[in-house]
Amino acid sequence: MERYNFKKVEEKWQNFWSKNNSFLTTIDKNKKKFYCLEMFPYPSGKIHMGHVRNYTIGDVLSRYKALKGFNVLHPMGWDAFGMPAENAARDNNLDPKEWTNRNIETMKNQLKKLGLSIDWSREISTCSEEYYKHQQNFFLELLEKKLVYRKENYVNWDPVDETVLANEQVIDGKGWRSGAAVERKKLSQWFFNISKFSQDLLDGLESLETWPNKVKTMQKNWIGKSFGCEIEFKIEGDLPVEKIRCFTTRPDTLFGFSFLALSVDHEVSKYFINNKDFQKFKNECSKTGTTEEAIAVGEKIGFKTNLEAINPLDPSQKVPVYFANFVLMDYGFGAVFGCPGHDQRDFDFAKKYGLNIKTVVKPFDKDENFEVKEEAYAGPGILINSDFLNGLEAPQNSVLETIKILEKKNLGKKQTNYRLKDWGVSRQRYWGCPIPVAYDENGKVHPIPKSMLPVKLPENIDLKVKGNPLDSQKKWKEIIIEGKKMTRETDTLDTFVCSSWYYLRFCSPNEKHYGFNKEEIDYWMPVDQYIGGVEHAILHLLYSRFFMRAIDYRNENFQIKEPFQSLFTQGMVCHETYKDEDNNWLSPDEVEKVNGKIVKKIDENKIVKVGPSESMSKSKKNVVDPEFIIKNYGADAVRLFILSDSPPEKDIQWSEQGMVSSYKFVQKLWILHNEIKNIIFKNKYEKDDKKIEKFVNQMISKITLNLEKFNYNVIIANMYETYNFLINYLKEEKSLKNLKDNYYKILICFLPIIPHFASECLEDIGFQNEYNWPKHDEKALEEGKVSIVVQINGKKRSILNTKKGLGEAEILDYSKKDKNIFKYLDNKKIVKIIFIKDKLINILLNE
RNA sequence: GCCCUCGUGGUGAAAUUGGUAGACACAAAGGACUUAAAAUCCUUGCCCUUUUGGGAGUGCCAGUUCGAGUCUGGCCGAGGGCACCA
């Protein structure tokens, strides 16, 4: 017997699949479809372990579903626009397109070596004209439907990447990619009207039953629905301001009114343009948005005006109007009614400026003299000190009741607010999809006629210029539309737009006239299983859900609202971190273990500091290169290891030892296979044994269930159990009638996990082409013996091995004779018996 | 501060959803084979007993139940998300 040569075998099967177009998919209406999609990668250069995990999980599912008889769509493509290409190209004097395409070539080869069952004929790349021309077309459609618009607005400006970021792309006040502190800047920008669908996006979450709750909650919070009331406050003072509108969720606490706070960008601020103190204050406020310290301390500061606001429910009450740093212009009306008694933030502000703090809600268990002292009381209770509102249950009844009163008196009206803001999609970068519009002499927007699409990116341009490289392309900017000279838009689209509809394109990668073909998406969509990292919980997943609604809007031919039927978010791949004496990060191949100590490879005397295990990242150098690992151990062993140990939704610890043991397991399986093959071909079947049949049926049932439930780590354990069983079985039984058929079934169960190995073994014992997923036979499971637990007063005292299906009386009889049991029964009365067939008997005794 | 998730051996984790806790693997210790090492295989894994066996035990405290890792309430701890959202 030869040692298992994974290199030869894996190459052989990869070539076989490729030559036979094994994973090519076409519409087949006689079969049930299954669309399995993993989040497509950014072509950064090489695949990393995260990709290996993500795509292995998807591949196991795809292969399993295909064996079950589904028509499986399992495509792959490239999220190919974006900053790294532009930066790399600029720094190395390259063309971003070349850089990107070279990376795609490399990564595609790496993915192929993993043995993924991907239909490569559907490969797409978002930076190809073939792809982005359809995207430009979508943009124009949205423009027609008024779902995309242009407005001047404060934006999140990333000073390092020199581009605008969407709210979702600002993390802790920093750019999601560059990590630079984000600044506020006023710019004219393109926006997608995602907020139009706030309620619909929220409602849609209900239908996504198999999405992780975590993700649904995050989206729900992000959409941030709140119900309340819009109130108009009359204003008196030395400025021509008559009224100011506020939004509040607690109109019922109006009698606790103590100040009115405005955003520094509120229209009232126009009267303070020349006020130096105000300008100074405003500066202070813009700083607090970005420094971490200010966020941590959360100090509230205000600027007092000479205006006074009148309480609509009690015109005799007048309170001061402030500008305050904690009021946001783009939520509500940029104005807040301050009720310090029952809102902690208002409380802090009132304390600082010595404003009145009035208690208007008392907790249920306190009397009417209850007073707010150390902190605001935001809980439920009964309204007090509130005139005609006294006695109402807050907020349960009081909010609606107060809104009714305000509406009747024409002082306010019911309103629902959402935190979700429109999606700014303009990016001042070269390597993205050009926005297909132009401006005439007056700055009026003109869509580029569809016949002139795509708007192609100019080639061979200078990327070293400051700002947007497209802006300096004078020739390219000129365009003539219907005889008129115009100037092109130089902003490109956020790359998240590209990934908002790529899953549609996979259904019709060759459709020339439109982004997709109706017949094809009707068959394939929605994606049955989407798999990717949880980091896209809001960004990509919300944008995609929006994009389907945007296409669906006023479109009778399109009915998809939810693109992803099921979502699975896999955990990260982690590795220990290492640092040398000078605190420089070291990669795992720069260190080794000598006598239990981790040391530097080049110098054994240098001790290495071992840090906590963290998600693999280039910056911490705690990465392991998949290509190297695949080369050393083979794709099957890598697949096996990446799935073992931890459940796929949890983080996994990369361990060299674990990797080696997976490798050895494949070798051991090969030795076992040869032993079985010998028995099969020597035709030594004589004894008809049910033991193997029962075991294999149990195993099929377990593995099938674990596949359905994404318990892939348990499947690996099942594989080890199977191996252990077979080894012992072969020791006992040398003549085995049922071996071949049962072994065949086992190999098919292994196929999704270790496809090369299983295909090779199947061929080796004479099965060549079509395999089907085995069904477990209930009858086989029922035969034979069971272990029944015998309990005395709820404690396990013995185990009976009996035939299946015995009744209570028989089991009790056996129990009484059991040597571990009868000593307990001595002189005791049986009070009660709990009996569960084939499982357990619990005998309750009188003490 | 608010929201969500999770606490099981030295480690990663299983447990048919209320019925044998620790499957399967990693690491460790002891042993076998070997002149030796590597590889491989076997055994062990809290406490008491020489063994048969018994006791404790799934973060902590209580409860429901014949029976709780699983259900309920309270507490403690870890991880993640959001953060002046009125």
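Order of the sequence lines fixes the chain letters, A, B, ..., with proteins taken first and strands second; residue numbering starts at 1 for each chain.
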Practice task
Quick one: label A/V534 by what it contacts on the DNA or RNA (base, sugar-phosphate, nothing), any heavy atom closer than 4.0 Å.
Solution key: nothing
Practice task
In whole angstrom, give me the gap between the P atoms of B/G10 and B/G22.
Solution key: 16 Å
Problem - Short side-chain to backbone donor-acceptor contact, A/D343 and A/C339, under 3.5 Å - result: no
Handout entry: Inter-nucleotide P distance (B/A27, B/G59), Å rounded
Key = 27 Å
Exercise for the section: May I ask you to verify if any side-chain N or O of A/Q791 is less than 4.0 angstrom from the OP1 or OP2 atom of B/U20? Expected result: no
Practice task
Identify whether any heavy atom of A/Q344 sits under 4.0 Å from a base atom; if not, whether one sits that close to sugar-phosphate; answer base, sugar-phosphate or nothing.
Solution key: nothing
Problem - Shortest non-hydrogen contact between A/M659 and A/W654, atoms and distance - result: SD-CH2, 3.8 Å
Fill in the blank from the handout: Taken to the nearest whole Å, NZ/A/K225 to P/B/C3 is 19 Å
Practice task
Indicate syn or anti for B/U34, taking the glycosidic torsion and treating anything within 90° of 0 as syn.
Solution key: anti
Handout entry: Between B/C26 and B/U49 - C1' atom distance, rounded Å
Key = 32 Å
Problem - A/L260 CG - B/A86 P separation (whole Å) - result: 16 Å
Handout entry: Closest-nucleotide 5' rank along RNA chain B - winner of A/K668 and A/V789
Key = A/V789
Exercise for the section: Scan A/K795 against the nucleic acid and name what it touches under 4.0 Å (heavy atoms): base, sugar-phosphate only, or nothing. Expected result: sugar-phosphate
Exercise for the section: Give the rounded distance in Å between these two atoms: CD1 of A/I836 and P of B/G67. Expected result: 13 Å
Problem - Nucleotide opposite B/C6 in a Watson-Crick or G-U pair, distances under 3.5 Å - result: B/G77
Practice task
Take the protein atom CG of A/L840 and the nucleotide atom C1' of B/U16, then report the distance between them rounded to whole Å.
Solution key: 15 Å
Exercise for the section: Provide the distance between the two C1' atoms, one in B/C6 and one in B/G12, to the nearest whole Å. Expected result: 16 Å
Exercise for the section: Could you give the distance separating B/U40 and B/G45 at their P atoms, to the nearest angstrom? Expected result: 23 Å
Fill in the blank from the handout: Picking from B/G19, B/C84, B/C26, the nucleotide nearest the side-chain atoms of A/I834 would be B/G19
Practice task
Looking at every strand, decide which applies to A/L844 at a 4.0 Å heavy-atom threshold: base, sugar-phosphate, or nothing.
Solution key: sugar-phosphate
Exercise for the section: Counting heavy atoms from C-beta on, name the nucleotide in B/A13, B/C3, B/A86 closest to the side chain of A/S226. Expected result: B/A86
Exercise for the section: Using a 4.0 Å heavy-atom cut-off across all strands, classify A/K664 as base, sugar-phosphate, or nothing. Expected result: sugar-phosphate
Problem - Pairwise 5' ranking along RNA chain B for A/K832 and A/I652, keeping only the more 5' one - result: A/I652
Fill in the blank from the handout: Winner on side-chain proximity to A/N820, out of B/G19, B/A25, B/G53, is B/G53
Exercise for the section: For A/S661, answer base if it contacts any base atom (sugar-phosphate contacts may also be present), sugar-phosphate if it contacts only those atoms, and nothing otherwise; contact means non-hydrogen atoms under 4.0 Å. Expected result: sugar-phosphate
Handout entry: Below 4.0 Å: OP1/OP2 of B/A25 and any side-chain N or O of A/Y720
Key = no
Exercise for the section: List the steps, then state whether salt bridge (charged side-chain N to carboxylate O under 4.0 Å, His left out) holds for A/D265 with A/K282. Expected result: CA-CA 9 Å; A/D265 298 317; A/K282 193 172 166 180; 3.7 Å; yes
Handout entry: Touch class at under 4.0 angstrom, heavy-atom based, for A/F247 against every strand present
Key = base
Handout entry: Side-chain donor/acceptor of A/Y353 to backbone N/O of A/G302, under 3.5 Å
Key = yes
Handout entry: N/O donor-acceptor pair under 3.5 Å between A/D252 side chain and A/T402 backbone
Key = no
Exercise for the section: Would you mind reading off the distance between A/Y377 atom OH and B/G1 atom P, rounded to a whole angstrom? Expected result: 18 Å
Problem - C1'-based separation of B/G9 from B/C61 [nearest Å] - result: 23 Å
Handout entry: Base orientation of B/G9, syn vs anti, 90° cut from 0
Key = syn
Practice task
Please confirm whether any donor atom in the side chain of A/R250 sits under 3.5 Å from an acceptor in the base of B/A86, or the reverse.
Solution key: no
Problem - Proximity to the side chain of A/D645 - top-ranked nucleotide from B/A86, B/A25, B/A83 - result: B/A25
Exercise for the section: Could you tell me whether a side-chain N or O of A/T569 sits under 3.5 Å from a main-chain N or O of A/G533, the two making a donor and an acceptor? Expected result: no
Exercise for the section: Using atom types as modelled and distance alone, determine if a side-chain donor or acceptor of A/R245 lies under 3.5 Å from a backbone N or O of A/F233. Expected result: no
Practice task
Just call it for A/N724: base, sugar-phosphate, or nothing, with non-hydrogen atoms closer than 4.0 Å on any strand.
Solution key: sugar-phosphate
Practice task
Indicate, with a heavy-atom threshold strictly under 4.0 Å, whether A/N713 touches base, sugar-phosphate, or nothing.
Solution key: sugar-phosphate
Exercise for the section: Give the nucleotide from the list B/C24, B/C84, B/C85 with an atom nearest to the side chain of A/F326. Expected result: B/C84
Problem - Same-atom distance (P) from B/U43 to B/G57, integer angstrom - result: 29 Å
Exercise for the section: To the nearest Å, give me how far apart CZ (A/R797) and P (B/U52) are. Expected result: 16 Å
Handout entry: Length of the CE-P vector between A/M659 and B/C26, whole Å
Key = 13 Å
Exercise for the section: Write down the distance between CD (A/Q653) and P (B/A25), rounded to a whole number of angstrom. Expected result: 20 Å
Practice task
Answer yes or no on whether A/R3 is positioned over the face of A/W670, meaning its NZ or CZ is under 6.0 Å from the six-membered ring centre and within 45° of the axis.
Solution key: no
Practice task
In whole angstrom, give me the gap between the P atoms of B/U11 and B/U50.
Solution key: 31 Å
